[in-house]
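Let me begin by presenting the structure, written as structure tokens, before commenting on it.
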Amino acid sequence: MNRELYGKLVFELSRPGRRGYRLPQSHISSDLVDGKGERACEIPNGLLRSQPLSLPECDELTVVRHYNNMSTNNFGVDTGFYPLGSCTMKYNPKINEEVAGHRGFASAHPSTPVYASQGRLRLYRTLERALSEIGGMAEFTLNPFAGAHGELTGLMVIRAYHDSRGDARRRKVIVPDSAHGTNPASAAVAGLEVVEVKSLPDGTVDLEALRPLLDDTVAAMMMTNPNTLGIFEHGIPEIARMVHEAGALMYYDGANLNPMLGVARPGDMGFDVMHINLHKTFSTPHGGGGPGSGPVGVRAGLERFLPSPRVVECPDGTLTLEYSPEALGSISATLGNFAVQARALAYILSLGSEGLMEAGSLATLNANYVKEALKDDYLLPIEGLCKHEFVFDGLADKSTGVTTLHVAKRLLDHGYHAPTIYFPLLFHESLMIEPTETESKETLDEFIAVMRDIACEARETPEVVLSAPHNTPITHPDDTEAALNPRVTFDMC
């Protein structure tokens, strides 16, 4: 590959006079005059640019090669292994795309009348019921556009519940110190106060630290199970009992639901409200800012607070939209990202109940396989069985000067997307790996071999790792300078 060509902007490939098109001669005579006596084919001066538009001048082949070369800079699960912890970057089956692209779905207008939208509403309702069964909840709404949007919606449901009981003092949300960053952010946006609870050395919530935090000002406790360290919170039944006795509700962050599929349900654990990331657990597109979907489920008794509109079934079997005066109002323009919902339902129906259970089990198997294979070279701060993901605290040998960031950059040289790094904040050199169930043993073995090679390089030739990456279009950008003084335009002069 010509790296000089590979990394250039299309403006830099421009040459004066180059063209990739030829417009036909206009068949409109320049002598035509409109009703005002002006030349009909001339653009009014007020609409004309004072200077020609600065566009690159390239032939078609150069343009095609440029954009094809640029596209290879994009990394996705279709091009390589993507072990991004806490994000479940699993493969998106192509049958999902075919279903979502069906003309009856893709060509539908959001304002199509209910009577002409029965098929789409049936898909929506079917997915709601499937998620309710998977999550152990009474009802779901698919309206939220993403996971964090779902968190906000769920917390608004909790706040509405307390307000409906005249319990306006409850404005605190307890969040573990290992929580995803969106948890405290969503609570703050919902007008709630965040209270942190510490974890034990084994990564689970410290019940004794939690006990004094529970009083009549607490609205809810937010938890992810398995937690961000990939550890199953075995104290959930006792935590739920304590929180409920204090008059608060339990909120389940569904970011790590993948290993629980068909094995354990948040509703059965004692959670009252939850969200699910369709773009994680149910294999819909992920990354690049969207699209996403963060359905919210609630236990019986909280359904009336879910946002409008809600899809409900009429006595005659038809479906309609319901707008409840007790609901939150609307949190999305229509019924959420419908094409994402279609993909998720296609995934669920393709796998069936047995397939979903197998997906969760294989996610756990793959994570433990990688963890056990690498724990001699990388520091494992918490021993024992993990679920879908695990966290190393950097290299086991700290004398080399090679950090987690260096390991992540060296992985790029081998064609792997780096895992999540420096999160969670519980460890100084966090390296968080989630292989997902869709990866084969051969892929995992190759990844393990590369990680071992990097650890060996760190001991024997550390400069190779410290100076990585070596074969990417950009090697060592100044991250701070790029953030403070971004260059978003190209100077043609």
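The side-chain contact (heavy atoms from CB on, under 4.5 Å) search around Tyr422 returns Thr403, Thr404, Leu405, Glu429, not counting sequence neighbours. In terms of the side chain to side chain donor-acceptor pair (under 3.5 Å) criterion, residue partners of His388 (sequence neighbours excluded) are, by chain and number, Asn256. The salt bridge (charged side-chain N to carboxylate O under 4.0 Å, His left out) search around Glu442 returns none, not counting sequence neighbours. Considering only residues two or more places apart in sequence or on other chains, Glu446 meets the salt bridge (charged side-chain N to carboxylate O under 4.0 Å, His left out) condition with none of them. The salt bridge (charged side-chain N to carboxylate O under 4.0 Å, His left out) test applied to Glu98 returns no partner, not counting sequence neighbours. Scored by the side-chain contact (heavy atoms from CB on, under 4.5 Å) test, Phe145 finds His149, Ser332, Asn337 as partners (sequence neighbours excluded).
Here the rule is side chain to side chain contact (heavy atoms under 4.5 Å, CB included) with Lys90, and of Tyr347, Phe282, Tyr82 only Tyr347 fits it. Under the side chain to side chain contact (heavy atoms under 4.5 Å, CB included) rule, Phe392 has a single partner from Leu431, Val407, Asp377, Leu379, which is Leu431.
Contact check for Val391 versus Phe423: no side-chain heavy atoms found under the 4.5 Å cut-off. Side-chain atoms of Val311 and Tyr124, non-hydrogen and from C-beta on, do get closer than 4.5 Å to each other. Put simply, the side chain of Asp272 does not reach to within 4.5 Å of the side chain of Val298, judged on heavy atoms.
The nearest pair of heavy atoms linking Val77 to Met89 is CG2-O, 3.5 Å.
Taking the six-membered ring where tryptophan is involved, the planes of His417 and Phe75 are tilted, since the angle between them lies from 30° to 60°.
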